[in-house]
Peer 1: 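I'd like to ask you about the structure that follows.
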Amino acid sequence: MIVCLCHRVSDRDIRRTVADGVHNFEVLQDETQVASACGSCHDCAREIFDEARRACAAAHGVTCASGARVIPIAQMAAA
């Protein structure tokens with residue numbers, strides 16, 4: 001199902017991105033552009049994201065940090 005018409009982001013795209021290690025909604029927005037134009041899909045995108053995070057946590061443990069992309073603060077400040 002297409003969630004974001006503006007950027008053609010599907011529920012599968014959101015779930016795949018979470019499975020690939022994105023566990024922050026703002027990072028999801030940076031990578032997919034979901035809910036970054038008109039914003040009408042924000043609530044739906046957030047629900048799918050939260051559901052995918054819960055599924056990941058259930059499969060991999062409470063923190064679900066396996067393979068998570070983390071950017072150290074020092075690198076962010078240098079960028």
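Both backbone and side-chain heavy atoms feed into the values below; hydrogens, waters and symmetry mates do not.
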Peer 1: Could you check if a side-chain atom of Val9 sits within less than 4.5 angstrom of a side-chain atom of Val3, using non-hydrogen atoms only?
Peer 2: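 Not in contact.
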Peer 1: Quick one: pull up CG in Asp30 and OG in Ser36 and give me the separation to the nearest 0.5 Å.
Peer 2: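 One gets 9.0 Å once the value is rounded to the nearest 0.5 Å.
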Peer 1: CD of Glu26 to CG of Leu28: how many Å apart, nearest 0.5 Å?
Peer 2: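 Result: 9.5 Å between the selected atoms.
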Peer 1: Would you check if there is a donor-acceptor pair between the side chains of Ser10 and Asp13 at a distance under 3.5 Å?
Peer 2: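 Yes, a side-chain donor-acceptor pair sits under 3.5 Å.
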Peer 1: Quick check: do Thr32 and Ile14 have side-chain heavy atoms less than 4.5 Å from each other?
Peer 2: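 No, their side chains stay 4.5 Å or more apart.
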Peer 1: Grab the two heavy atoms, one from Val34 and one from Ala45, that are nearest each other, plus how far apart they are.
Peer 2: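 Closest approach of Val34 to Ala45, heavy atoms only: CG2-CB, 3.7 Å.
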Peer 1: Which atom pair, heavy atoms only, marks the closest approach of Cys41 to Cys4?
Peer 2: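 In terms of heavy atoms, the two residues are closest at SG-CB, 3.7 Å.
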Peer 1: The test is side chain to side chain contact (heavy atoms under 4.5 Å, CB included); show your working for Gln29 and Phe49 and say whether it passes.
Peer 2: CA-CA 11 Å; Gln29 287 181 295; Phe49 173 78; over 6 Å; no
Peer 1: For the atom pair SG (Cys56) and CG (Asp20), what is the distance rounded to the nearest 0.5 Å?
Peer 2: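 Spacing of SG (Cys56) from CG (Asp20) equals 10.0 Å.
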Peer 1: Heavy atoms, side chains only, cut-off 4.5 Å: are Ile48 and Met1 in contact?
Peer 2: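 When only atoms from C-beta onward are counted, Met1 and Ile48 do touch, with a gap below 4.5 Å.
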Peer 1: Would Asp50 and Arg53 pass as an ion pair if we require N to O under 4.0 Å?
Peer 2: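 Salt bridge absent between Asp50 and Arg53.
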